[in-house]
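Comments concern the structure below.
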Amino acid sequence: MQIEKLKTTLINCSLEEKDILKYKYKVQDIHQTLPQFDLTGWIDSPIQNQQELLDSIDRVASEIRACADVLVVIGVGGSFLGARAIQEALKPYFGLAEHGIEVVYVGLNMSGAYIKELLSYLDKKQVYVNVISKSGGTMEPALAFRVMRLYMEDRYGEKASERIIVTTDVEKGILKGIADKAGYRQFVIPSNIGGRYSVLTPVGLLPIAVAGVDIRAIMAGAKQAAEELSESDLANNDAYKYAVMRHMLYQEGYSIELLASFEPGLNKFHEWWKQLFGESEGKEKKGLYPSTVNFSTDLHSIGQFIQDGSPIMFETLLHFHEIEGDLQVPFDERDEDGLNYLSSRTFNEINAISKQGTALAHAEGGVPVIQLELPKLDEYHLGYLIYFFMKACAMSACLLEVNPFDQPGVEAYKRKMLELLKEK
Ligand code: PA5
């Protein structure tokens with residue numbers, strides 16, 4: 001399948017195409033030097049032949065679906081946000097996907113209440129565990145794995161090791177040592193791909209395959225994006241255009257970017273995007289603050305601020321033309337609520353019109369709007385969009401002259417926490 005190109009458009013915004021295109025040579029330079037950074041293996045990986053890897057992920061996922069009611073994924077940051085994003089965007093709102101089982105996440109916080117409740121929730125359910133950590137030593141997942149490992153051994157005895165799958169670095173880290181010693185099955189996180197750029201590796205692909213998502217369609221979308229967005233010419237590369245637009249808006253004094261969409265299933269996708277851009281760009285006292293809104297829900301809360309408050313934000317609106325599932329507004333003879341005038345319309349049509357209205361109103365309120373349009377909300381186009389954002393993010397961070405692939409600020413928190421824990 002080929003999709004129409006993802007379209008990036010500006011709605012009522014002062015940026016002009018000719019000014020955007022002035023970045024042509026700068027973008028070209030960055031495009032050429034980008035692969036020289038460490039951790040850029042994700043740029044070409046969707047184009048490479050991944051057949052064997054996808055087959056082995058499918059095999060393990062089928063086994064998990066056949067033998068378990070729940071997969072417990074242990075991970076934090078880039079080691080869980082992508083999987084949860086795709087799973088939530090594509091699964092039914094109520095209940096599970098037809099071919100999937102429940103996937104729950106732990107090790108993403110240090111709440112005692114959360115992990116205690118999870119353990120009782122797992123009672124009487126058949127469980128598999130997938131622990132994901134590239135460094136193998138991050139505190140949140142390491143603590144959760146300690147608990148889950150003992151829990152699995154208690155429940156399954158020697159068989160526990162068959163139900164624990166480890167996704168980690170090929171050779172480094174404590175988790176790798178534990179996995180080798182215990183004989184757990186392992187998937188490798190390529191050493192040249194960092195956490196928040198790793199959703200299209202086993203980090204994201206195993207959990208989402210277990211949830212019933214078609215990982216081959218995701219990868220096909222990502223492949224198309226990787227091919228199209230390998231174009232160095234700004235005029236023909238929408239990921240780079242988006243990067244330049246947000247960079248120019250930042251230069252004009254907008255300090256917050258709001259990623260907005262009109263499907264509640266995209267809430268967790270927003271969280272993935274927020275981490276990607278926040279952790280890649282927020283450095284050296286620079287960077288747009290990435291925030292997210294889900295409309296129309298948030299129009300009745302933060303919508304007031306966007307329309308009328310401090311003029312510090314612009315909006316990036318995700319627009320999928322086709323959404324699966326819809327309902328026509330029913331005709332009611334009583335018409336006591338006065339809504340019969342809508343009865344020839346469907347909810348999705350009304351949602352689309354409210355989207356247009358919101359973009360126009362926000363633009364009138366002085367909020368620039370960048371619209372990213374895709375034909376359909378499905379596996380293929382999400383795969384495309386994920387790659388699109390990763391490529392745009394890398395370009396955008398380089399335009400700011402910061403390294404898109406490190407996270408020194410996160411290390412600072414870890415150091416302080418460890419000092420305090422050891423003191424006490
Ligand atoms: O993007 C990143 O590199 C981070 O968000 C990491 O994914 C996160 O800190 C988890 O690290 P690890 O997978 O090493 O446990």
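What you see below is based on every heavy atom in this structure, not just the backbone, and it leaves out hydrogens, waters and symmetry mates. We count ligands from 1, going down the list as the structure has it; atoms in each ligand are counted the same way.
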Contacts table for residues 271-282: side-chain donor-acceptor under 3.5 angstrom, sequence neighbours left out:
residue, atom, partner, partner atom, Å
Glu271, OE1, Lys274, NZ, 3.4
Glu271, OE2, Lys274, NZ, 3.4
Gln275, NE2, Glu279, OE1, 2.8
Glu279, OE1, Arg196, NH1, 3.3
Ser280, OG, Arg196, NE, 2.8
Ser280, OG, Tyr197, OH, 3.1
Ser280, OG, Leu276, O, 2.5
Ser280, OG, Pro404, O, 3.3
Glu281, OE1, Arg246, NH1, 3.0
Glu281, OE1, Arg246, NH2, 3.4
Glu281, OE2, Arg246, NH1, 3.2
Glu281, OE2, Ser396, OG, 2.5
Glu281, OE2, Ala397, N, 3.3

TODO: Using a strict 4.0 Å threshold on nitrogen-to-oxygen distance, state whether Arg216 and Asp55 make a salt bridge.
DONE: yes
Task: Under 4.0 Å from ligand 1 - residues by heavy atom, chain and number - done: Val76, Gly77, Gly78, Ser79, Ser133, Lys134, Ser135, Thr138, Gly195, Arg196, Gln275, Glu279, Gln407
TODO: Kindly write out the residues that satisfy side-chain contact (heavy atoms from CB on, under 4.5 Å) with Glu322, not counting sequence neighbours, or none if the list is empty.
DONE: Lys376
Task: NZ or CZ of Arg163 within 45° of Tyr128 ring axis and under 6.0 Å - done: no
Open item on the list: For Ser79, give me all partners under side-chain contact (heavy atoms from CB on, under 4.5 Å), at least two apart in sequence or on another chain.
Closed with: Ile132
TODO: Of all the heavy-atom pairs spanning Leu259 and His270, show the shortest one and how long it is.
DONE: CD2-CD2, 3.5 Å
